[in-house]
Novice: 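The following block contains the structure, expressed as structure tokens.
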Amino acid sequence: MNELIPLMVIIPIACGLLLNLLHKKDRSIRILAIFVAIVLPIIPLLSNFGLHYFGGHAPLIDNSTLLGTLPSFISNSALAIFHPAITYSYQSLQKLFIFILGIVAFFAIFTSFNETKKVSGPYMFLMFMGTAAVTALLLSDDIFHMYIFFEIAALCQVGIILVSSTKGNYETALKYMILGSIGGPLLLLGIGFLLGAVGSVNITDIVYAIKHNLVNPFSQTFLIGFGLIFFGWLYASGLPPFHTIKSSIYSKALPHSAALLQSFTVITFIALGIVIFRIFSYLPFMKMVILIFSLITMILGVTMAIIQTDFRRIIGFLAVGELGYIGIGIGIGTTLSLTAGIFQAVNEILTTALLFIGFGTVFYLTKTSDMKKLGGLIAQNPKVAIMVLLGGFAMAGVPPFNGFQSKLMIVQSSLNAGFPEIAIIAVLISIITFMTFMKVFHSVYLKPKPQDLQVVNESIPTSTIFSIVILLIICLIIGLFPQLVTDNIYPFVARLI
Amino acid sequence: MGLYDMIVNSFKEVRKKVVKDSATNESVSSALAAELTLISTLLIAAIMLRHFNITLTVVVILGLGLLLTTNMPLIPKIKREQDDSLEKMVFYAILTLGILITVIYWGQTNV
Amino acid sequence: MMDILFDTQLASFFTSAAFIIIGLFAAIFLDNIIKKIIGIAFIEEGANLFLVTLGYKPGGIVPIFLPGMNSEWFAANSAYALPHALVLTSVVIGASTLAVMLAIAMVLYKKHGTLSTSKILGDEK
Amino acid sequence: MIEYVLMIIAILGCILALMQRDLLKAAILTGINGVCVAFLFQFLLAPDVALTQAIVGSAIVPVFLALAAYKTQRTDDK
């Protein structure tokens, strides 16, 4: 039933506010947080597809009684088809991503209970508020509504950085906000240009107005609008000019919250990417601009990752570099490449979450993430080390895992679309990702243990091991049966192009 | 200040500089790998210009190849350009914004 | 230049452009954190002003539908109300972002003892 | 005619606020700028936004800035 669609956003917000109030009572926070974290992935499975109009204002075309009373110049013009209310459109793609986001949020919150000494209400509030904001970003069909939740998600990310007491997190948070205050208002300006040109902020209406050229699509307002929205997209997803700040955000957050932060970024990247693709697909150079920036992301992301010495910073740069693969999928623009790109997004959320939580155990054991001071940790817990190794294989694209399936699809789609260079670069970059991961794994686990390294906590909490195992199993299942995911993506993409 | 003190100070300077980024063989090998990837991927990406016209691609590839190989140790430069200082980040953000808007605006009037 | 009707709407577009340019200048070049944050507040204010001027109708009326009005005349003469609804939320977002940034600046002042960005954010040890 | 005067005052206030050495004066000038923009919104036929901007722009933001200047340091140590 359609009433469940807004619940996907309301429940996390309500739960977040409640947790914020119960700050001191640890037991009730744990119970409520776990309960809602379990409910989150289940809601998308129950509700069926469809549109939800806030305030019940369906387009005039639907209720003919009201249409009859209106004067003729409204009823038979485009105004009858326009959406007066904020509409949420819930399709198979949204179902897939909200389910995956619910799983990652569950594991992030589940591991955070045992790794942090005392449970903090505001921290839970920020995690749930961010999840709700990103879900609304994905569901919404109204571009200004997406801007509001994009700002809320940015503020939640800054809040999560401030709460995690690592060295230098305040400086990074302030840098991120100053850059955000350059990216955010420019995105708002781009939306203002679209609003000025079409008069509506609903994406379906804008696309309708462009297709039936009620408005000259090649006018300067649309082009500058595209430039500004594209710049806002660069900031939101951490593409090149903002990749250093985005990866330092991941490295300054606690490992399990970094897993959630990177899934926020990937879903914001997909949501805004699809909006840009839907509105501006008529522009000849749109695909080329997306391709150029995705290639720069991949190249810079991985080359910067391999020369770092702090392993959280390395995974941060790898996570940003992997966004380039999704950008290639969107940039090439055929149905196969879009499906491959979105499939890669799903895999990237899971594998990067697995890596962050996996290497979070190293940070939990030794409280340091500088690889020069680490070594010989395989003796601590060999099983977790092997699972983290398999997680690295999943990210690098080693066959039985899901990374391989999506990278293979991306290479195939780029070859079919006549871009062999992109296929070569994709393969080269995944080789270097594999090499980066080997370097990290060697210097953290296999290198002889330095004398001055003392292990702070004795054993890794079972909840973390449980989440690593489950995430690995999910990666394996998607790797062996990719059609579980691609069947959800394909109908959405087929209708998109 | 005697000659002896000057020599000791200069040693301290050198030691302080070495400690800051002590080049273990691991960091050198990764820097080499990063350098190779950077040059090869940029050159391969430059081939994609063939969709516009061939002569431009040839010129760009030769120019890029020359540029990259002449100032060969790229990685220290890249690392310095992308450290965490706010001025560099804001500079590159505004530069990208400027390029994006001018190219799109110029593209519309001429294309 | 004089053939373009220089009315309020065009003038306020220029004002919002001036706000954004001054705000960007301050956010980039000023070294004091609080002044950078003031510059950022001006950028957001400029964007909001731009949105409101989109809906302006020269010589029109405030978009409040009084009972006695004829709907067609009202639709033709009133200012477009959608940007007004959007700017309401975006003004509040600007204020809350400013508040969070000022709070972070206070903490950084307590830790570093100075307000100059180059000393605080410049070189991370 | 009055709105052009308001626009000029707003831009001048904005520039002056950034040139001040004393952060408290900068906060007050931001308030003046907020009031001018609030009046401007009224001239652009947006009374509800003018109300919000009047409260936020001329009261809340200057108070935040003054509080920040009080908690940190008054003069900008150039």
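To find a chain, count down the sequence lines: A is the first, B the second, and so on, and within it residues start at 1.
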Novice: Describe, in one word, how the ring planes of Y282(A) and F280(A) are oriented to each other, choosing from parallel (under 30°), tilted (30 to 60°) and perpendicular (over 60°).
Specialist: tilted

Novice: What part of L100(B) gets closer than 4.5 Å to chain A, counting heavy atoms only: side chain, backbone, both or neither?
Specialist: side chain

Novice: Measuring heavy-atom distances to chain B, does I431(A) have an atom under 4.5 Å in its side chain, in its backbone, in both, or in neither?
Specialist: neither

Novice: Give a yes or no on whether the backbone of K252(A) and the side-chain of S164(A) come within a donor-acceptor separation of less than 3.5 Å.
Specialist: yes

Novice: Is the shortest distance from a Lys or Arg side-chain nitrogen in R313(A) or D84(B) to a carboxylate oxygen in the other one below 4.0 Å?
Specialist: yes

Novice: Answer with side chain, backbone, both or neither: which region of L186(A) has an atom nearer than 4.5 Å to a non-hydrogen atom of chain B?
Specialist: side chain

Novice: Is it the side chain or the backbone of L291(A) that comes within 4.5 Å of chain B heavy atoms, both, or neither?
Specialist: side chain

Novice: Out of I299(A), L295(A), I178(A), I422(A), return the one with the most heavy atom pairs under 4.5 angstrom to chain B.
Specialist: I299(A)

Novice: Checking heavy atoms, do the side chain of I245(A), its backbone, both or neither come under 4.5 Å from chain B?
Specialist: both

Novice: Show your working on ring-ring contact (aromatic ring centres under 6.0 Å, His included) between F434(A) and F441(A) and close with a plain yes or no.
Specialist: CA-CA 10 Å; F434(A) 189 80; F441(A) 193 77; over 10 Å; no

Novice: Decide yes or no on ring-ring contact (aromatic ring centres under 6.0 Å, His included) for F317(A) and Y250(A), but give the supporting numbers first.
Specialist: CA-CA 9 Å; F317(A) 269 115; Y250(A) 294 149; 9.7 Å; no

Novice: Under a 3.5 Å cutoff, is there a donor and acceptor pairing between the side chains of Q82(B) and Y92(B)?
Specialist: no

Novice: Measuring heavy-atom distances to chain B, does F242(A) have an atom under 4.5 Å in its side chain, in its backbone, in both, or in neither?
Specialist: side chain

Novice: Centroid separation under 6.0 Å, is that true for the rings of Y176(A) and Y235(A)?
Specialist: yes

Novice: Counting only heavy atoms closer than 4.5 Å, note whether L36(B) contacts chain A via side chain, backbone, both or neither.
Specialist: neither

Novice: If I measure from the heavy atoms of chain B, does I306(A) come under 4.5 Å with its side chain, its backbone, both, or neither?
Specialist: both

Novice: Heavy-atom pairs under 4.5 Å with chain A: which of L97(B), L38(B), I94(B), I101(B) has the most?
Specialist: L97(B)

